[in-house]
Amino acid sequence: MRIQLPHAWPADAAEAVAIQDRLRPLADHTGPGPAAPALLAGLDVAYAGDGGTDDLLAAAVVVLDARTLEVVEQATAVGRATFPYVPGLFAFRELPVLIEALKSLEHTPDVMLCDGQGFAHPRRFGLACHLGVLTGLPTAGVAKTPFTGGYDPAALGTRRGASADLTDGGERVGRALRTQDGVKPVYVSTGHAIDLDTACRLTLAAAPAYRLPQTTRLADRLSRDALKAATG
DNA sequence: GCGACAG
DNA sequence: ATCTTGTCGC
């Protein structure tokens, strides 16, 4: 797919925050998004380093048949970090190499599931929102741990499909979603061009057997393999 | 002021 | 994210 990283890239945290504030209004959180997507994409990045600016990064994108969850296409890209890891500015670290991997994709996914937050972010503009705005494609964030916001554990059922609102400052920012019976929930939030119900429904459909959706699992494995191949 | 903090 | 053995449980 053809996409381009913005020419201007932040030199520091203040500039990065300014960019998030400027792009935030462009994210659509009402959807409805793809009701029956044919292609799901999963993205992840593996690192070799301490979280600093010279870490080696390996990005991976997997495109799955939404119905069978079989791999249709996959791509990787390796590069150096352009930004240190800063909570809340996570996207500036991973986006460049993720975009590179996406460029070599022949298929255009109907929705992309990101490893991290979307709207459930201190400035309501997590990685999934950023990637959605840059690509124009529907995106959702599926994080392994919560970031901004909290939920009432007592309100979260123990069975697969159970969920509880993630709220932050009285605002609903996402949902804690149980993808397997008795397993820790994942934290879903909207990225762009999708609504929370659809994001949760697709996440659940992509996670028929394990806690994490197959998109995330395969992208995670592919990114590690790519990093290992680049490192030796 | 202090602690917490997606990956 | 990454560093990592054994171990509890189905």
Side-chain angles (χ1 to χ4, degrees), chain A residues 13 16-17 19-20 23-24 27 42-61 76-99 101 112-133 139-151 158-160 166-169 173-177 179-192 196 199 203 209-213 215-232:
Chain A
V17 169
I19 290 174
Q20 292 182 326
L23 297 183
R24 182 176 49 244
L43 308 87
D44 197 13
V45 176
Y47 310 154
D50 57 4
T53 306
D54 47 59
D55 291 4
L56 189 62
L57 308 194
V61 184
T76 63
V78 174
R80 290 285 168 182
T82 60
F83 214 82
Y85 170 67
V86 179
L89 300 178
F90 177 48
F92 296 95
R93 184 170 172 75
E94 298 202 344
L95 275 177
V97 68
L98 279 174
I99 296 289
M112 302 194 282
L113 299 183
C114 303
D115 188 17
Q117 320 285 344
F119 192 73
H121 175 277
R123 285 173 298 281
R124 308 293 183 259
F125 200 71
L127 171 67
C129 303
H130 207 143
L131 185 66
V133 167
T139 57
V142 181
K144 295 182 287 295
T145 62
F147 184 29
T148 289
Y151 67 100
T158 178
R159 310 282 289 184
R160 165 181 161 85
L166 256 185
T167 59
D168 181 37
V173 297
R175 201 170 281 165
L177 175 67
T179 55
Q180 297 297 322
D181 293 355
V183 164
K184 286 194 306 180
V186 295
Y187 305 88
V188 181
S189 58
T190 52
H192 176 59
L196 188 54
T203 297
Y210 301 98
R211 176 188 178 230
L212 298 179
T215 41
T216 302
R217 290 169 50 82
L218 294 179
D220 179 79
R221 191 161 63 69
L222 183 59
S223 66
R224 295 189 201 226
D225 289 348
L227 181 63
K228 185 167 296 184
T231 301

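Note that this is a predicted model, so its numbers are computed, not measured.
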Taking any atom closer than 4.0 angstrom to a non-hydrogen atom of chain A, what span of DNA chain C does the protein reach, first nucleotide to last? dA1(C) to dT2(C)
May I ask you to decide if Thr145(A)'s main-chain N or O and Gln117(A)'s side chain share a donor-acceptor pair within less than 3.5 Å? yes
Interatomic distance, Phe119(A) CZ vs dA6(B) P [rounded to whole Å]: 19 Å
Heavy atoms only, 4.0 Å cut-off, all strands: where does Asp44(A) land among base, sugar-phosphate and nothing? sugar-phosphate
Can Tyr187(A) be called stacked on dA6(B) when the rule is centres closer than 5.5 Å and an angle between planes below 30°? no
Would you indicate what Pro146(A) reaches in the nucleic acid, counting non-hydrogen atoms under 4.0 angstrom: base, sugar-phosphate, or nothing? sugar-phosphate
Below 4.0 angstrom from OP1 or OP2 of dA6(B), is there any side-chain N or O of Thr148(A)? no
With a 4.5 Å cut-off on side-chain heavy atoms, are Asp225(A) and Arg221(A) touching? yes
Any chance you could lay out the side-chain contact (heavy atoms from CB on, under 4.5 Å) test for Tyr187(A) and Tyr151(A), step after step, and finish with the verdict? CA-CA 10 Å; Tyr187(A) 305 88; Tyr151(A) 67 100; 3.5 Å; yes
Leu212(A) atom CG is separated from dA6(B) atom C1', nearest whole Å, by 13 Å
For Ala46(A), which contact category applies under a 4.0 Å heavy-atom criterion: base, sugar-phosphate, or nothing? sugar-phosphate
note: Arg124(A), atom CZ; dA6(B), atom C1'; distance rounded to Å ~ 14 Å
Kindly determine whether Asp168(A) and Arg124(A) satisfy side-chain contact (heavy atoms from CB on, under 4.5 Å), including the steps that lead there. CA-CA 10 Å; Asp168(A) 181 37; Arg124(A) 308 293 183 259; 2.9 Å; yes
Should Asp115(A) and Lys144(A) count as side-chain neighbours, where that means a heavy-atom distance under 4.5 Å? yes
Answer yes or no: is there a side-chain heavy-atom contact under 4.5 Å between Tyr47(A) and Arg93(A)? yes
Basic-acidic side-chain contact under 4.0 Å: Arg224(A), Asp44(A): no
What is the distance from CG of Leu95(A) to P of dA6(B), rounded to the nearest Å? 17 Å
Leu227(A) and Leu56(A), any side-chain heavy atoms less than 4.5 Å apart: yes
Remember a base hit wins even if backbone is also touched, and classify Asp55(A) as base, sugar-phosphate or nothing at under 4.0 Å, heavy atoms. nothing
Quick check on dA6(B): is either OP1 or OP2 less than 4.0 Å from any side-chain nitrogen or oxygen of Lys144(A)? no
Rounded to the nearest angstrom, tell me the gap between atom CZ in Arg224(A) and atom P in dG7(B). 12 Å
Tell me: CZ of Arg123(A) to P of dA6(B), nearest whole Å? 13 Å
Could you check whether any side-chain heavy atom of Ile19(A) comes within less than 4.5 Å of a side-chain heavy atom of Phe92(A), counting everything from C-beta outward? yes
Contact class for Leu98(A) (heavy atom, under 4.0 Å): base, sugar-phosphate, or nothing? nothing
Give Gly88(A) one of three labels, base, sugar-phosphate or nothing, depending on what nucleic acid heavy atoms sit under 4.0 Å from its own. base
Distance in angstrom units between Phe147(A) CZ and dG7(B) P, rounded: 9 Å
If you write DNA chain C from 5' to 3' in dot-bracket form, with Watson-Crick or G-U pairs under 3.5 Å, [ ] for crossing pairs and | for pairs with another strand, what do you get? ..........
Are any side-chain N or O atoms of Arg123(A) and backbone N or O atoms of Gly88(A), one a donor and one an acceptor, separated by less than 3.5 Å? yes
